[in-house]
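As structure tokens, the structure follows; a few thoughts come after it.
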Amino acid sequence: MQSQPVGDAPLLAIAGAFALPGAITAIEPLGQGNVNDTYRVSCACPDGTASHFVLQRLNTHVFKQPERVMANIALLSHHTAGRPWPQADRSRRWELPLLVPTRAGAAWLSSAEECWRLLTYVADSTSHDTVQSADHAAEVGRALGAFHRLVHDLPCSQLQDSLEGFHITPGYLEAYDQLSAPTPGPPCEPTAWCRQFIEERRGLAPVLEEAKACGRLQLRPIHGDPKVNNVLFDRDSGRAVAMVDLDTVKPGLLHYDIGDALRSGCNPAGEEATDLAGVQLDLDLCRSMLAGYLELARPILTAADLELIPTAVRLLSFELGLRFFSDYLAGNRYFKCRHPRHNLDRALVQFTLTESIEAQQQQLDQLVQQLAG
Ligand code: GN1
Ligand code: MG
């Protein structure tokens, strides 16, 4: 795959290097991503209409091999191009972002440190950081189910490992263990609480990896980051139209996606909650999201897949808390932060959510059994 070099050029010059259909009229920040920098580029087309694109700087501190990320996105586009919604309602609007090449015909722009790419913008769509209703939850579930159905026949051997160790919980635990021991002096209460919380759940960390190692679960193509705001909704119909943020598409376990979508969407307070009292797993939202997911994905799930869904919800919430907490201890190097305690606050949200999931584990088990039939 070809890339085109980029120097220290300002945004306008970077966007202008791509094959846009007209003059650039605006470039503005887009979305709330914790890793990459994202902008919306608007341009005036010769026919008088306006069109929009998504310009992104891939965070190469996180994605150390951008060529692998780009190869996976290109393969995904090729595999899904023109494929309709995988259900009876085949005329339903559904699209995935596509790469727009540079004027020189390269798939992206790169330098030693930077990687920029341009993607199509899903028009007339909107996204939310938290789930708004049971219908919204069901649509998030359907979008993930549709995505899994559309990629499940893409052989994993053709996808690259674009982010080594991603969602391998024992690896995050090892990284946490390698961080410095608690500093002497008066203990910071939330930090001590997080440490204790992690200690009590060491046994949880390897459950999915062990199921993979013994052949109970298989690697499949996954999205990797299906949090609620990565599902776009049609402004008019209110139905899901796209899944965006395709950097983490790679071989993995469907459970990483299912667990991540549920932990993200079924906590009405959201990931950025500052009042922990509102943080909980809402079982009604879970019911809606899982029902929506299974409507599409049920045919590709095994009995073992179903059985491990509740564990995955608990694990993915715990894992993200562990990742946020480790990043806080390491000096906030991975996730973008708005203040020095931000990753600690985010960890507290995920651990509080984990507790709520644990308190409802039996109900979650029953829910999956009922819905799977
Ligand atoms: C990161 O960049 P963003 O916001 O799409 C992270 C996800 C986390 C998420 C939590 C590559 O996603 O794994 O679940 O933050 N992405 C990466 O908000 O680490
Ligand atoms: Mg992402």
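First listed ligand is number 1; within each ligand, the first listed atom is number 1. What you see is a predicted model; the values in this text were computed from it and never measured.
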Note to self: Looking at every heavy atom in both N230 and D245, which two are closest together, and how far apart are they?
What the structure shows: ND2-OD2, 3.1 Å
Next item on the list: List the steps and the verdict of side chain to side chain contact (heavy atoms under 4.5 Å, CB included) for T102 and F18.
Entry: CA-CA 4 Å; T102 68; F18 288 90; 3.8 Å; yes
Check: Going by the atom numbers of ligand 1, which of them fall below 4.0 Å from some non-hydrogen atom of F63?
Finding: 11 (C)
Note to self: Does E199 have more than 12 heavy atoms from other residues, nucleotides or ligands lying within 6.0 Å of its CD?
What the structure shows: yes
Margin query: For the Mg ion (ligand 2), give me the closest N/O/S atom belonging to D225, just the atom name.
Written below: OD2
Check: Any non-hydrogen atom of R346 lying under 4.0 Å from ligand 1?
Finding: no
Margin query: How far is atom 4 (O) of ligand 1 from the closest protein heavy atom, and which atom is that?
Written below: K227 NZ, 2.7 Å
Item checked: Shortest protein contact, atom 13 (O) of ligand 1 (heavy atom only) -> R323 NH1, 2.9 Å
Checklist line | Cation-pi geometry met for R323 and F335 (6.0 Å, 45°) | finding: no
Notebook entry, point to check: Quick one: does NZ or CZ of R314 land under 6.0 Å from the six-membered ring centre of F318, within 45 degrees of the ring axis?
Noted result: no
Note to self: Just to confirm my output: which protein heavy-atom neighbour is closest to atom 10 (C) of ligand 1, and how far is it?
What the structure shows: E271 OE1, 3.3 Å
Next item on the list: Could you see which bit of N34 sits under 4.0 Å from ligand 1, with heavy atoms only: side chain, backbone, both or neither?
Entry: both
Note to self: Counting only heavy atoms closer than 4.0 Å, does ligand 1 sit against the backbone of R263, its side chain, both, or neither?
What the structure shows: side chain
Check: Would N36 and T38 count as having a side-chain donor-acceptor pair, cut-off 3.5 Å?
Finding: no
Checklist line | Under 3.5 Å donor-acceptor, R263 side chain and L316 backbone | finding: no
Next item on the list: For atom 1 (C) of ligand 1, find the nearest protein heavy atom and state the residue, atom name and distance (0.1 Å precision).
Entry: V35 CG2, 3.9 Å
Next item on the list: If you have a sec, work out which protein heavy atom is nearest atom 19 (O) of ligand 1 and how many Å separate them, to one decimal?
Entry: Y334 OH, 2.5 Å
Note to self: Can you tell me if R333 has over 12 outside heavy atoms packed within less than 6.0 Å of its CZ?
What the structure shows: no
Margin query: So, of the N/O/S atoms that D245 has, which is the nearest one to the Mg ion (ligand 2)?
Written below: OD2
Next item on the list: With heavy atoms under 4.0 Å as the rule, classify the contact between D245 and ligand 1 as side chain, backbone, both or neither.
Entry: side chain
Margin query: I need the atoms of ligand 1 closer than 4.0 Å to a non-hydrogen atom of F166, numbered in the order shown.
Written below: 13 (O), 17 (C), 19 (O)
Check: Nearest to atom 12 (O) of ligand 1, what protein heavy atom do you find, and at what distance?
Finding: D225 OD2, 3.1 Å
Next item on the list: For residues V62 and L163, report the shortest heavy-atom separation together with the two atoms involved.
Entry: O-CD1, 3.2 Å
